[in-house]
Amino acid sequence: MRITATQLAGGFILGTLPLTVIPRIPGYGYDIAAILLSLLLLRCPQRIALLAAIVLLSSLWPLNTARSIQDQIGQLTRGAVQVEVQIDSVFPGGERARVRLFRQDGRLLFPPIYASLRLPGTEQPFCQGQRWKMTLALRPLHAQLNEGGFDRQRFSLANSMPLTGRVINAKVVQPQCSWRGNIMESTKKNYGHLPWQALIAALAFGDRSEVSREITQLLRETGTAHLMAIAGMQIGLAAGFGWLVARLMQFFFPAWLINYRFPLYCSLLVALVYCWLSGSNPPAMRAMLALLTWSTLRLRGINCSSWQVWLFCIALILFMEPLSVLSESLWMSALAVAGLLIWYQSFALPVRFRRGKGWLPLRLLHLQLGMLLLLMPLQVYIFHGFSLSALVANLWAVPLISLITVPLILTSLVCNFVPAVGPFMWWLADRSLAMVFFPLQQLPKGWFPVESHFAACSLACWLLLLALRFGWWRSSPVTLLACALLLVSWRNLSVKPEWRVDMLDVGHGLAVVISRHGKAVLYDTGNRWVGGDAAQSQIIPWLEWQGLKLTDVVISHAHLDHIGGLPSIQAAFPGARVRSALKRPDHLPCHRGISWHWQGLTFKSLWPPKRMPGEGNNQSCVVAVSDGHWRVLLTGDIEREAELQLVTGQRAALGADLLQVPHHGSRTSSTPPLLRAVAPKAAIASAARYSAWRLPAVKIISRYHENHIIWRDTALSGQISARFFVDNWYLLGLREQIMNRWYHQWFGVPRESR
């Protein structure tokens with residue numbers, strides 16, 4: 001039976017998709033079984049058997065790529081390693097760099113793997129393109145994992161940069177900087193003083209490191225972030241720029257030299273140069289591969305449908321970079337192109353509106369409306385929200401960026417070394433960006449976070465389009481209504497707990513959410529650092545995704561890893577009451593003897609005594625939460641002294657089913673008398689994998705096991721959820737049960753070898 005290129009492309013795409021969902025990478029036994037089964041299927045005459053064989057064989061390449069990455073991570077993180085590296089980029093400030101690891105002990109590392117390194121002070125300054133021999137202490141990236149938060153671990157694997165570390169010693173092998181680095185330095189002299197220089201660097205070189213938090217937030221809320229990354233649209237514009245220049249050149253050619261190939265070659269050349277200037281970042285490389293695929297088909301005179309070209313492009317991208325199937329940007333780009341094909345094939349404007357300049361605004365509105373409706377479910381899934389202002393913002397920004405800003409930047413790159421002309425062109429590019437962003441900054445806030453309960457409702461956009469396209473609203477109104485009701489109510493089909501306790505993964509810190517009936521109490525607010533805090537990055541997105549209204553905050557004590565996110569929490573939920581033992585005038589009291597009722601639950605403060613001095617660990621507000629049947633004990637950071645006083649004075653009140661492990665599992669806490677008095681079935685600890693204090697202590701974990709107490713911690717499990725029902729309760733870890741994926745697992749050395 002004949003195998004077509006379309007079947008191969010579709011089969012390879014299907015064979016790569018399991019990487020997004022499988023809990024672990026199978027061993028080499030799977031490869032042997034897949035090959036044998038494929039040989040049997042190829043002997044079957046049915047077409048479906050042929051497709052199954054292609055899918056099985058195609059799955060071997062991406063699985064082996066993932067397996068190789070896992071093996072590399074294990075080998076490179078066992079201890080100090082000697083490697084040859086190339087500097088890919090130096091971050092602002094010069095303290096860190098992104099490097100590609102080329103060779104380890106003379107062995108070429110493939111597939112390519114990157115690391116983020118903290119740089120030492122050396123006589124030879126670091127710059128892009130240099131080669132160094134380094135002794136490195138590397139560790140795998142281990143990200144915080146919460147529902148509704150940014151999946152940094154998946155992102156790092158998708159971009160082949162799963163390692164971080166520091167340089168023990170370094171010796172330069174090739175001191176020269178790359179041409180790209182030199183061009184970046186020379187051009188920055190002409191635009192570095194301009195107001196929008198950060199976005200110029202993003203559009204000219206793919207460098208978004210200096211884009212401010214405020215502009216990043218604006219781009220997200222207006223749905224225009226795709227315009228500031230060198231990807232499909234920008235590479236396409238560069239190719240169009242090259243094609244236009246070549247066509248202008250052909251005016252001076254003799255007739256026998258004029259053909260369609262020369263402009264195509266020029267467009268490819270300009271696009272390749274622009275891709276190289278962007279640092280060959282993954283989105284630009286994917287766009288370049290797609291352009292090469294289309295150009296090859298065009299130059300070879302092969303006639304393909306739009307959907308065949310789309311399949312070939314996606315298959316080639318996944319063949320070259322199998323792990324890019326984990327990339328959200330690839331999904332957005334691929335489905336945006338597919339959406340455009342569907343929109344213009346099935347929902348095209350009438351012919352009279354497709355011609356004439358006067359209907360251009362209508363055509364742009366039609367385009368943006370299609371993208372909004374078709375990409376809505378994916379946007380909600382990835383970003384947990386959608387932007388209504390994106391419709392207006394893109395109508396304004398896309399034409400300006402496409403027709404003015406990017407051509408000006410390309411012209412500026414060409415004219416950079418021409419005196420007076422170069423600086424003037426960069427100034428024009430800067431003014432065009434000012435023209436783009438001034439109206440965007442005036443738009444009302446258009447970003448709407450979506451709760452997980454209503455995420456499926458975003459599929460109603462697709463249902464609406466299908467109903468219009470096939471006339472279901474006339475032929476099958478009852479079926480259409482049933483489908484709409486199913487989308488609205490599908491989450492109600494599962495049994496909901498009476499109440500929940502969720503320990504969020506905030507690294508070294510603490511944030512526990514008690515929720516019931518759509519409302520929540522937050523016990524501690526995580527850490528704060530320069531430029532951010534745990535509330536902004538983890539807690540608030542989680543609350544929005546769960547659809548919870550925060551009514552109360554309890555602060556255990558004054559250490560930064562427990563109170564650091566409070567200002568952000570109060571800004572997001574100004575009506576939330578704050579309780580603590582910190583003697584703050586705007587805080588309600590939280591000391592021994594205080595109790596209150598909330599949503600049918602009883603909160604009782606067991607510690608500290610009312611007039612106990614200090615605001616440290618042993619002054620933590622210890623709270624027991626109960627529904628009359630199940631009990632949870634929240635202990636903050638109390639240590640041995642406070643634990644013994646609690647056991648002595650309030651032993652009868654300490655019993656609980658679930659215990660928050662005191663002080664992150666430190667040796668100074670979790671004394672045997674406390675564990676015997678509480679006698680919990682399970683204990684949960686908030687801890688970071690790479691804790692400077694090496695928490696939780698192995699001795700403490702063993703102590704809990706010796707007392708027959710189930711142990712869970714956020715370093716291993718990510719977010720930990722306790723769900724309480726009338727007759728039972730259970731614990732779920734995000735890494736083990738809720739979102740069990742191979743790319744979320746504990747890479748590198750096990751905990752016991754820390």
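- Nearest approach of L388 to F448, heavy atoms of both residues: CD1-CE1, 3.6 Å.
- Shown here for H557 and S620, the closest heavy-atom pair between the two residues is ND1-OG, 3.2 Å.
- Judged by distance alone, with hydrogens and angles left aside, the side-chain atoms of Y730 form no donor-acceptor pair with the main-chain N or O of S721 at under 3.5 Å.
- Remark: of the listed residues L654, L634, I638, I638 is the sole one forming a side-chain contact (heavy atoms from CB on, under 4.5 Å) with V622.
- With a 4.5 Å cut-off on side-chain heavy atoms, L433 and L203 count as touching.
- In this structure, H664 has its ring center closer than 6.0 angstrom to the ring center of H562.
- Here L326 contributes atom CG and F155 contributes atom CZ; the two are 12.0 Å apart, rounded to the nearest 0.5 Å.
- Considering only heavy atoms from C-beta on, L548 comes within 4.5 Å of W542 through its side chain.
- The two residues P444 and S389 come nearest to each other via the heavy atoms O-CB, 4.4 Å.
- Remark: the backbone N or O of M161 is not paired with any side-chain donor or acceptor of N159 at under 3.5 angstrom.
- Here the side chain of T714 pairs a donor or acceptor atom with the backbone of A687 at under 3.5 angstrom.
- Residue R96 qualifies as enclosed at atom CZ: its count of foreign heavy atoms under 6.0 Å is above 12.
- No donor-acceptor distance shorter than 3.5 angstrom exists from the side chain of D505 to the backbone of N146, with no hydrogens or angles considered.
- Side-chain contact between R712 and E736 is present, with at least one heavy-atom pair separated by less than 4.5 Å.
- Distance CG/N394 to CG/L440: 9.0 Å, rounded to 0.5 Å.
- Side-chain contact check for N618 and E643: no donor-acceptor pair (N or O, by modelled atom type) lies under 3.5 Å.
- At a cut-off of 3.5 Å, with distance as the only test, no side-chain donor of W529 or N527 sits close to an acceptor on the other residue.
- What you find for T77 and G748 is that their closest heavy atoms are OG1-CA, 3.7 Å.
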Worksheet entry | side chain to side chain contact (heavy atoms under 4.5 Å, CB included) assessment of I563 paired with L582 | CA-CA 11 Å; I563 199 174; L582 302 180; 3.8 Å; yes
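- Ring orientation note: the planes of W545 and H384 are tilted relative to one another, at an angle of 30° to 60°.
- Remark: side-chain polar atoms of T525 are paired, donor with acceptor, to backbone N or O of G565 under 3.5 angstrom.
- The neighbour count for R584 CZ, taken as heavy atoms of other residues, nucleotides or ligands under 6.0 Å away, is above 12.
- Here S666 contributes atom OG and R640 contributes atom CZ; the two are 8.5 Å apart, rounded to the nearest 0.5 Å.
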Discussion item. Between E498 and W630, is the side chain to side chain donor-acceptor pair (under 3.5 Å) condition met? List the steps.
Written reply: CA-CA 11 Å; E498 293 293 312; W630 309 113; over 6 Å; no
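- Open room surrounds CH2 on W331; 12 or fewer heavy atoms of other groups in view lie less than 6.0 Å from it.
- A cation-pi contact, defined as under 6.0 Å to the ring centre and within 45° of the axis, is absent between R735 and W746.
- Shown here for C621 and S605, the closest heavy-atom pair between the two residues is SG-OG, 3.7 Å.
- Minimum heavy-atom separation, S686 to L510: CB-CD1, 3.7 Å.
- In this structure, S580 contributes its side chain and I555 its backbone to no donor-acceptor pair below 3.5 Å.
- Cation-pi geometry between R579 and W596 is met: the NZ or CZ atom falls under 6.0 Å from the ring centre, inside 45° of the normal.
- The ring of W693 has its center closer than 6.0 angstrom to the ring center of H508.
- Within a 6.0 Å sphere centred on NZ of K549, other residues, nucleotides and ligands contribute 12 heavy atoms or fewer.
- In this structure, R139 forms a cation-pi arrangement with Y690, its terminal cationic atom sitting closer than 6.0 Å to the ring centre and no more than 45° off the ring axis.
- Note on ring orientation: taking the six-membered ring where Trp is involved, the planes of W729 and F724 are parallel (angle under 30°, cut-offs 30° and 60°).
- Other residues, nucleotides and ligands contribute at most 12 non-hydrogen atoms within 6.0 Å of the CD atom of E95.
- At least one side-chain heavy atom of L219 sits under 4.5 Å from a side-chain heavy atom of F437.
- Side chains of L543 and F573 form a contact here, defined as non-hydrogen atoms less than 4.5 Å apart.
- The backbone N or O of E147 sits less than 3.5 Å from a side-chain atom of Q719, completing a donor-acceptor pair.
- Inter-residue side-chain proximity for D207 and S89 is flagged as unmet; no heavy-atom pair is nearer than 4.5 Å.
- The CG atom of L601 lies 9.5 Å from the OG atom of S515; values are rounded to the nearest 0.5 Å.
- Counting only distance, with no hydrogens or angles, the side chain of Q153 and the backbone of Q745 share a donor-acceptor pair below 3.5 Å.
- The local environment of CZ in F150 is crowded, with over 12 non-hydrogen atoms from other residues, nucleotides or ligands closer than 6.0 Å.
- The shortest distance between side-chain heavy atoms of Q660 and D524 does not fall below 4.5 Å.
- With hydrogens and angles disregarded, no donor-acceptor distance shorter than 3.5 Å links the side chain of S160 to the backbone of Y114.
- If you take CH2 on W598 and CD1 on I514, they are separated by 7.5 Å, rounding to the nearest 0.5 Å.
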Worksheet item: Can you check side chain to side chain contact (heavy atoms under 4.5 Å, CB included) on S458 and V450, steps first, answer last?
Response: CA-CA 9 Å; S458 63; V450 175; over 6 Å; no
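- Between T222 and V392 the shortest side-chain heavy-atom distance does not fall below 4.5 Å.
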Discussion item. Please evaluate residues L606 and K604 with respect to the criterion side chain to side chain contact (heavy atoms under 4.5 Å, CB included), reporting the C-alpha separation (whole Å), side-chain torsions for both, the decisive distance (0.1 Å), and the verdict.
Written reply: CA-CA 6 Å; L606 308 178; K604 185 175 182 181; 4.1 Å; yes
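- In F91, the CZ atom is crowded: over 12 heavy atoms of neighbouring residues, nucleotides or ligands sit closer than 6.0 Å.
- No donor-acceptor pair closer than 3.5 Å links the side chain of T164 to the backbone N or O of S116.
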Discussion item. Go through it in stages, so that I can follow the logic: the residues are D657 and R631, the test is salt bridge (charged side-chain N to carboxylate O under 4.0 Å, His left out), and I'd like the CA-CA distance, side-chain angles, deciding distance and then a yes or no.
Written reply: CA-CA 5 Å; D657 301 286; R631 283 172 58 87; over 6 Å; no
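- The line from CG of L716 to CD1 of I701 is 7.5 Å long, rounded to the nearest 0.5 Å.
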Practice prompt. Decide yes or no on side chain to side chain contact (heavy atoms under 4.5 Å, CB included) for M332 and L378, but give the supporting numbers first.
Written response: CA-CA 7 Å; M332 287 293 290; L378 186 64; 3.3 Å; yes
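- Of the residues L731, I684, V661, D713, the one that meets the side-chain contact (heavy atoms from CB on, under 4.5 Å) test with M503 is I684.
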